[in-house]
Peer 1: 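This is the structure, below, for whatever I ask next.
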Amino acid sequence: MTFTNNAGDHHYTLNSYERDMLVSKGWRYEGIGWYSSDTNRSYPLYRQYNPNAKAGAHNYTLNSNEKDMLVRAGWHDEGLAWYGVGPGEGAPAPQYQRPSGGVYPNLSVTPNLSINVSIADQRVYVKSGSNVIYTLIASTGVNNATPRGTFRIGNRGSSFYNAREGMGGQLLGCI
């Protein structure tokens, strides 16, 4: 595992040549972050690179649909990074299933509900009036593709699953 103060990024690799190249360019080697499986090939972890990002340029995922969607959006497919050991009791939930801003608010009783997406911060701010009540991590579009403007939300459904991408989830507070 390597780290750079320039962007505040960590970079994970099994490749000692890649590690040594980064160290020669000023990254700090931080040692082994964890061990992957040499024998269990059930959990391939894919790595993608965003050539337009100033920080957080790599994405690591077990989800091949997510990998394919990012590649279609302009990320570079860097192939298989390593094999995971598999699910276990100590494994955290995937990032998209974890709250990123504390306890989920009950949106069905929230007055003056609005959402502000900050492209600069890569965050979604859920607001009640002018007060931020919840913050989520966002990943806005590459090549300036994220639409800008004020949008009204009409009838809210109970999910935002995208069958074409094989991703999405159920909205909490709208059930």
Side-chain angles (χ1 to χ4, degrees), residues 1 3-12 33-34 43-78 81 84 87-175:
M1 176 170 55
F3 175 78
T4 178
N5 284 327
N6 295 332
D9 278 351
H10 285 90
H11 184 78
Y12 308 99
W34 65 83
Y43 302 96
L45 191 126
Y46 306 102
R47 186 172 94 177
Q48 304 82 51
Y49 171 73
N50 181 349
N52 301 306
K54 293 182 177 149
H58 281 92
N59 183 64
Y60 302 86
T61 184
L62 293 170
N63 186 325
S64 62
N65 289 320
E66 179 182 12
K67 170 191 63 112
D68 294 342
M69 182 266 312
L70 289 172
V71 169
R72 282 193 301 274
W75 290 60
H76 297 174
D77 183 1
E78 294 189 329
E89 292 181 32
Q95 179 67 37
Y96 68 89
Q97 291 180 347
R98 288 183 270 169
S100 55
V103 177
Y104 288 115
N106 183 349
L107 301 180
S108 64
V109 297
T110 303
N112 304 317
L113 182 63
S114 67
I115 298 172
N116 180 303
V117 177
S118 171
I119 295 171
D121 295 341
Q122 293 291 292
R123 296 287 186 270
V124 175
Y125 300 102
V126 180
K127 299 168 95 178
S128 176
S130 62
N131 297 319
V132 174
I133 60 171
Y134 193 75
T135 304
L136 298 96
I137 296 170
S139 179
T140 58
V142 296
N143 300 325
N144 211 18
T146 300
R148 286 145 172 87
T150 301
F151 306 94
R152 302 248 180 248
I153 300 172
N155 297 329
R156 290 188 274 172
S158 60
S159 69
F160 58 96
Y161 183 77
N162 181 330
R164 186 177 64 113
E165 304 295 346
M167 291 187 279
Q170 189 165 4
L171 296 173
L172 298 175
C174 297
I175 300 172

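Since we're looking at a predicted model, the values are computed, not measured. Only heavy atoms go into these numbers, but all of them, side chains included; no hydrogens, no water, no symmetry mates.
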Peer 1: Which residues pass the side chain to side chain donor-acceptor pair (under 3.5 Å) test with Thr110, not counting sequence neighbours?
Peer 2: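 None.
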Peer 1: To the nearest 0.5 Å, how far apart are CG in Asp77 and CG in Leu70?
Peer 2: 10.0 Å
Peer 1: Going by side-chain contact (heavy atoms from CB on, under 4.5 Å), name the residues that satisfy it together with Pro111, two or more places apart in sequence or in a different chain.
Peer 2: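 side-chain contact (heavy atoms from CB on, under 4.5 Å) list for Pro111, sorted by chain: Ser128.
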Peer 1: Sequence neighbours left out, what passes side-chain contact (heavy atoms from CB on, under 4.5 Å) with Leu62? Give chain and number order.
Peer 2: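 Only Tyr43, Leu45 meet the side-chain contact (heavy atoms from CB on, under 4.5 Å) criterion with Leu62.
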Peer 1: Going from CD1 on Ile133 to CG on Asn112, what distance comes out if it is rounded to the nearest 0.5 angstrom?
Peer 2: 10.5 Å
Peer 1: Please identify each residue that fulfils salt bridge (charged side-chain N to carboxylate O under 4.0 Å, His left out) with Arg123, with sequence neighbours left out.
Peer 2: none
Peer 1: Look up atom CG in Asn59 and atom OH in Tyr49, then write down how far apart they are to the nearest 0.5 Å.
Peer 2: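 With rounding to 0.5 Å, CG (Asn59) is 13.5 Å from OH (Tyr49).
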Peer 1: Can you list the residues that meet the side chain to side chain donor-acceptor pair (under 3.5 Å) rule with Tyr46, with sequence neighbours excluded?
Peer 2: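 So Tyr46 forms no side chain to side chain donor-acceptor pair (under 3.5 Å) with any residue.
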Peer 1: For Gln48 and Thr61: C-alpha separation, side-chain torsions, deciding distance, then whether side-chain contact (heavy atoms from CB on, under 4.5 Å) applies.
Peer 2: CA-CA 9 Å; Gln48 304 82 51; Thr61 184; 3.8 Å; yes
Peer 1: Can you see which heavy atom on His58 is nearest to which on Trp75, and at what distance?
Peer 2: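 Heavy atoms only, the tightest pair is C-CZ3, 4.2 Å.
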Peer 1: Nearest heavy-atom pair of Asn52 and Asn50: which atoms, and what distance?
Peer 2: N-OD1, 2.9 Å
Peer 1: Going by side chain to side chain donor-acceptor pair (under 3.5 Å), name the residues that satisfy it together with Asn116, two or more places apart in sequence or in a different chain.
Peer 2: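 With sequence neighbours excluded, Asn116 shows a side chain to side chain donor-acceptor pair (under 3.5 Å) to no residue whatsoever.
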Peer 1: Considering all heavy atoms of both residues, which atom of Ser114 and which atom of Gly129 are nearest to each other, and what is their separation?
Peer 2: OG-O, 4.2 Å
Peer 1: So which pairs with a foot in residues 43-52 pass salt bridge (charged side-chain N to carboxylate O under 4.0 Å, His left out), sequence neighbours left out?
Peer 2: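 Those involving residues 43-52 are Glu18-Arg47, Arg47-Glu78.
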